[in-house]
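Some notes on the structure that comes next.
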Amino acid sequence: MAAREAEAEAEEDEAELNLLECRVCFERYGAGGQRRPRNLPCGHVLCRGCVGALGGPENRRLECPFCRRACGSAETSDCLPLLQLLEALGPAGGGLPSARGRRGGGAGGPAPAGPALRLALGGWGALVNPSGVAACRRSGRLAVAHDGKKRIHVFGPGGSCLQRFGERGEAGNDIKYPLDVTVTSDGHVVVADGGDRAVKAFDFEGRGVLAVREGFCLPWGLDATPESEVILTDAEAGALYRLTADFTKGKLKKCQMIRSQLVSPRGVAVCQTSGAIVVIEHLKAQGPNDGSTRVKIFSAEMDLLGQMDSFGLNLVFPSKIYATAVAFDKEGRVIVTDVCSQAVICLGKPEEFPIFNPLISHGLSYPVGLTYTANNSLVVLDSGDHSIKIYSST
């Protein structure tokens with residue numbers, strides 16, 4: 001038994017090392033310079049230096065060294081999941097602690113009771129570096145944003161892929177780089193296109209109905225209210241917006257900044273009952289310190305109800321938390337994904353925030369997306385293995 005556990009730990013260590021290394025030069029990825037990770041259109045990831053070397057001094061077209069698909073250097077893009085992982089690990093670059101305590105030296109016990117895994121979708125090849133997931137409460141369909149040829153995949157309640165749309169390009173229905181997705185109550189898929197600095201709305205057949213470019217710097221996270229308004233974070237501007245539109249007619253009614261002076265806000269969620277809004281800020285690392293996150297909760301009137309950063313959470317919780325996605329459950333509790341412990345954690349309702357209740361602590365690699373379906377199933381987007389994992393309610 002001990003030998004099998006040691007072998008399993010060694011395999012996990014090797015997998016983590018492979019994730020953080022360029023598989024051409026075997027150098028560790030970094031946040032900048034020649035070691036910055038870049039996505040190829042085929043989905044494989046190389047460092048910027050290797051992309052340049054394969055393209056040559058004339059910046060000619062290059063072939064992926066793994067699948068031989070040809071592309072140009074201009075077709076590559078930053079691998080945001082890896083960059084977020086590097087940010088979470090900080091300059092020291094320590095290993096990812098497991099929610100079951102493997103990195104902390106504790107004995108791994110049985111998995112705690114919680115939501116049971118019911119269905120897994122996607123996987124490498126079907127999804128490429130997925131970045132956002134949303135559920136349609138009327139139909140039960142799931143919309144997933146990823147970096148594949150068709151940027152948006154729509155899955156039915158049974159797991160079949162019903163539709164793919166949104167290619168990289170300049171046309172009206174194209175999506176350059178999707179960072180998040182939401183579905184409005186009137187049945188429209190709304191995408192934050194960081195590559196085009198725009199918010200784009202589609203029907204479920206993939207027809208573009210509206211593109212909003214209101215001077216956004218880097219639109220990142222979004223969620224829909226019960227009234228089909230869209231709450232949007234702008235990570236570069238440090239702002240939170242409310243978009244009101246008639247998506248059926250393709251008409252923007254209002255784009256209002258409702259909060260400013262936030263620090264790199266990314267993930268956002270709206271409580272479907274109270275209208276409360278929760279935002280994840282990504283705080284910049286100072287000197288040798290690790291990057292950290294801060295969770296802020298606002299009332300529907302945008303009064304600050306509570307906040308807690310990684311340092312404060314460390315005083316309450318047994319391990320560091322680096323939040324990447326957030327949602328409200330049907331009871332109005334704040335739920336976050338944590339890449340440090342590879343877990344999904346309940347932080348409680350705004351009035352009791354924060355508490356610590358791990359919901360899922362096994363079986364996740366790099367969770368970056370989170371949503372609930374109408375029947376209260378928990379949907380987790382795991383960018384580490386390019387999959388969607390659906391857990392039954394307890």
Side-chain angles (χ1 to χ4, degrees), residues 39-43 69 71 74-81 119 121-213 216 219-224 228 230 232 243 245-252 368-369 371 373 379 381-383 386-388 390:
N39 285 322
L40 303 186
C42 59
R69 177 176 168 181
C71 70
E75 297 177 70
T76 67
S77 59
D78 282 337
C79 182
L80 293 181
L119 184 64
L121 310 174
W124 178 258
L127 296 174
V128 180
N129 299 325
S131 54
V133 62
C136 177
R137 295 183 175 271
R138 281 193 317 187
S139 65
R141 287 176 286 189
L142 292 175
V144 180
H146 75 130
D147 198 30
K149 183 177 180 181
K150 302 280 189 178
R151 305 306 211 187
I152 304 298
H153 283 200
V154 177
F155 293 90
S160 59
C161 186
L162 304 178
Q163 187 63 265
R164 300 179 180 92
F165 60 86
E167 295 191 18
R168 183 202 301 262
E170 303 295 333
N173 288 0
D174 291 343
I175 301 172
K176 289 187 177 179
Y177 200 95
L179 292 174
D180 201 6
V181 62
T182 191
V183 178
T184 63
S185 58
D186 61 4
H188 288 89
V189 179
V190 185
V191 182
D193 188 348
D196 201 22
R197 300 175 186 256
V199 175
K200 299 177 180 179
F202 304 82
D203 62 21
F204 268 113
E205 298 303 316
R207 291 183 288 264
V209 298
L210 180 65
V212 182
R213 298 176 177 85
F216 301 131
W220 195 295
L222 35 72
D223 198 15
S228 291
V230 174
L232 168 75
L243 276 61
D246 185 335
F247 293 111
T248 303
K249 297 181 178 179
K251 180 180 179 182
L252 176 67
V368 297
T371 191
T373 64
V379 182
L381 188 64
D382 194 339
S383 189
H386 313 273
S387 70
I388 311 155
I390 304 175

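For the numbers below, each heavy atom of this structure counts, side chains included, while hydrogens, waters and symmetry mates do not.
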Rounded to the nearest 0.5 Å, how far apart are [atom1] of [X] and [atom2] of [Y]?
X      : Y      : atom1 : atom2 : result
Glu75  : Leu40  : CD    : CG    : 9.5 Å
Asp196 : Phe216 : CG    : CZ    : 11.5 Å
Thr184 : Leu243 : OG1   : CG    : 12.0 Å
Leu252 : Arg213 : CG    : CZ    : 12.5 Å
Asp186 : Asp203 : CG    : CG    : 11.0 Å
Leu142 : Ile388 : CG    : CD1   : 6.0 Å

### Set of residues satisfying salt bridge (charged side-chain N to carboxylate O under 4.0 Å, His left out) with respect to Arg138, sequence neighbours excluded
none

### Task
Quick one: list whatever passes salt bridge (charged side-chain N to carboxylate O under 4.0 Å, His left out) with Arg164, sequence neighbours left out.
none

Quick check: does any side chain N or O of [X] sit under 3.5 Å from a backbone N or O of [Y], one acting as donor and the other as acceptor?
X      : Y      : result
Lys176 : Arg197 : no
Thr371 : Val133 : no
Ser383 : Ser131 : no
Asp193 : Tyr177 : yes
Asp382 : Ser387 : no
His386 : Val128 : no

Which atoms form the tightest heavy-atom contact between [X] and [Y], and what is the distance?
X      : Y      : answer
Asn129 : Cys79  : ND2-SG, 4.0 Å
Gly250 : Leu210 : O-CD1, 3.4 Å
Ala134 : Val183 : CB-N, 3.8 Å
Leu127 : His153 : CD2-ND1, 3.8 Å
Pro219 : Val199 : CB-CG2, 4.4 Å

All ring-ring contact (aromatic ring centres under 6.0 Å, His included) counterparts of [X], not counting sequence neighbours:
X      : value
Phe247 : His188
Phe165 : Phe202
Phe155 : none

### Task
Output every pair passing salt bridge (charged side-chain N to carboxylate O under 4.0 Å, His left out) with a member in residues 139-154, not counting sequence neighbours, ordered by first then second residue.
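Sorted result for residues 139-154: Asp147-Arg151, Lys150-Glu167.
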
